[in-house]
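Notes for the one structure printed next.
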Amino acid sequence: MRNTVIAEGGQGTTLLPRLSVAGVSHTYRSGFLGFGHTQALKGVDLQIVPGEITGLLGPNASGKSTLMQIMAGFLIPTQGHALMDGDKVVGSAWAASRIHLAREGGDNAGEKVGAVVKLHSQLRSGFDMEFAEHLLQRFDLPLKKSSNSLSRGKKSCLAAVIALASRAPITILDEVQLGMDVPSRQIFTEELLADYADNPRTYVISSHMVSELENVLSRVVIIDRGRVIADQDAAHFREGETLSLQDAFMKAINATGNPAEHVYHAQERN
């Protein structure tokens, strides 16, 4: 029997697997014969709490996207492993069926919007087509338009539709809301929280728009220069909610000697 956790929601009981990474380091090779290298992750050990909405936060180039790809089995780390219930994620069909990774702009092959959604519904047994149709209407996505011709923001909306409707027990969102305008980001947050209440799952969310996650996250993980520097309940991380999430984040990053002000440039442009 796999090591699952039972979560109760408005629609009943959900069994959630445990996701973790153990001793994960990753180096990107570059240059002639791969002699150049950039170490993106350095000995990361992390357990994602099942049924929680965990924010994976950090400055630019801190290793967030690399870690998320490894968690989802998209990238084989140089050292260590991503594990689901103690088994390696890489090469596991069982793990692949329970993890969904959505990235900003999506990963679509240019099919029409309706066809992209239909394809995902066929690939994932738990996909909720009725919920997807509701989300398509809320984000005002044209079903017959090529996904390649969508704006950056609408591509992100399509990625969000697929991720939320996937109902994957572990849903990983890597800056998926970054390209959205303010109304679309509000819709995204509303729909995520409403569905989470009825259909609990494990979320891992990365975003530079930290202040917009204030009332979303139940847990916070901070990664800086390839290492995890904080892993706490969100209220405890905010020092008993005396600090805003953004201020607590900047305090944690600045304590490492890595100024955090540049993290918010993307947020200021939106």
Side-chain angles (χ1 to χ4, degrees), residues 1-5 15-31 33-103 107 168-175 201-208 217-234 236-237 248-249 252-253 255-258 260 263:
M1 181 177 178
R2 292 185 183 276
N3 188 19
T4 54
V5 174
L15 297 178
L16 299 174
R18 297 179 183 273
L19 179 65
S20 62
V21 293
V24 165
S25 297
H26 191 71
T27 300
Y28 289 101
R29 302 291 178 181
S30 61
L33 298 179
F35 289 144
H37 67 276
T38 300
Q39 191 167 12
L41 296 173
K42 304 171 184 177
V44 173
D45 293 301
L46 180 63
Q47 293 188 11
I48 301 300
V49 179
E52 300 279 354
I53 303 178
T54 297
L56 182 60
L57 309 178
N60 293 319
S62 59
K64 301 185 300 296
S65 292
T66 299
L67 182 56
M68 287 180 147
Q69 290 181 70
I70 290 170
M71 286 178 176
F74 282 32
L75 181 65
I76 300 174
T78 307
Q79 292 181 330
H81 303 285
L83 305 169
M84 178 177 284
D85 292 342
D87 296 329
K88 294 178 184 178
V89 169
V90 170
S92 168
W94 185 83
S97 70
R98 285 157 177 78
I99 301 175
H100 181 90
L101 170 64
R103 297 181 275 199
D107 295 290
I170 298 173
T171 302
I172 302 174
L173 305 173
D174 185 7
E175 299 284 3
R201 62 177 114 170
T202 303
Y203 276 103
V204 182
I205 303 176
S206 118
S207 176
H208 283 140
L217 304 181
S218 55
R219 192 161 192 86
V220 177
V221 173
I222 306 293
I223 185 169
D224 184 33
R225 288 173 282 194
R227 299 184 188 278
V228 172
I229 63 169
D231 178 7
Q232 296 178 330
D233 171 87
H236 185 261
F237 177 71
F249 169 70
I253 294 296
T256 70
N258 188 13
V263 172

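Here A82 pairs with V21, I70, V89 under the side-chain contact (heavy atoms from CB on, under 4.5 Å) rule; sequence neighbours left out. D231 is linked by a salt bridge (Lys or Arg N to Asp or Glu O under 4.0 Å) to R219, counting only residues two or more places apart in sequence or in another chain.
Side-chain contact check for S206 versus M68: some heavy-atom pair is nearer than 4.5 Å. Side-chain contact between I170 and M71 is absent, with no heavy atoms from C-beta onward closer than 4.5 Å. For the pair T202 and L19, the minimum side-chain heavy-atom distance is 4.5 Å or more. Residues Y28 and L75 form a side-chain contact, since some pair of their non-hydrogen atoms from C-beta on lies under 4.5 Å apart. Counting only heavy atoms from C-beta outward, the side chains of W94 and D85 approach each other to under 4.5 Å.
Note that CD of Q69 is 10.0 Å distant from CD1 of I172, once rounded to the nearest 0.5 Å. Atom CG of L56 and atom OG of S207 lie 11.0 Å apart (nearest 0.5 Å). Atom CD1 of I53 is separated from atom CG of L173 by 9.5 Å, given to the nearest 0.5 angstrom. Interatomic distance, CD1 of I48 versus CE of M84, reported as 11.0 Å (0.5 Å rounding). Note that CG of D233 and OG of S218 are 7.5 Å apart. Values are rounded to the nearest 0.5 Å. Separating the CZ atom in R201 from the CZ atom in R98 is a distance of 14.5 Å, to the nearest 0.5 Å.
Shown here for H26 and P77, the closest heavy-atom pair between the two residues is ND1-CA, 3.4 Å. Listed here is the closest heavy atom pair of F249 and P59: CZ-N, 4.2 Å. Closest approach of L217 and A234 over heavy atoms only: O-CB, 3.6 Å. Closest heavy-atom contact between P17 and P169: CD-CB, 3.7 Å.
No donor-acceptor pair closer than 3.5 Å links the side chain of T54 to the backbone N or O of V220. Between the E175 side chain and the H208 main chain, a donor and an acceptor come within less than 3.5 Å of each other. Looking only at distances, a side-chain donor or acceptor of S25 sits under 3.5 Å from a matching main-chain atom of G43. In terms of modelled atom types and a separation under 3.5 Å, the side chain of K88 and the main chain of H81 share no donor-acceptor contact. Between the side chain of K64 and the main chain of I222, no donor-acceptor pair closer than 3.5 Å is present.
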Can you check side chain to side chain donor-acceptor pair (under 3.5 Å) on T256 and R225, steps first, answer last?
CA-CA 10 Å; T256 70; R225 288 173 282 194; 3.2 Å; yes

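Across T27, I223, T78, a single residue satisfies side-chain contact (heavy atoms from CB on, under 4.5 Å) together with L41, and that is I223.
Counting heavy atoms of neighbouring residues, nucleotides and ligands inside a 6.0 Å radius, atom CD of Q232 exceeds 12 of them.
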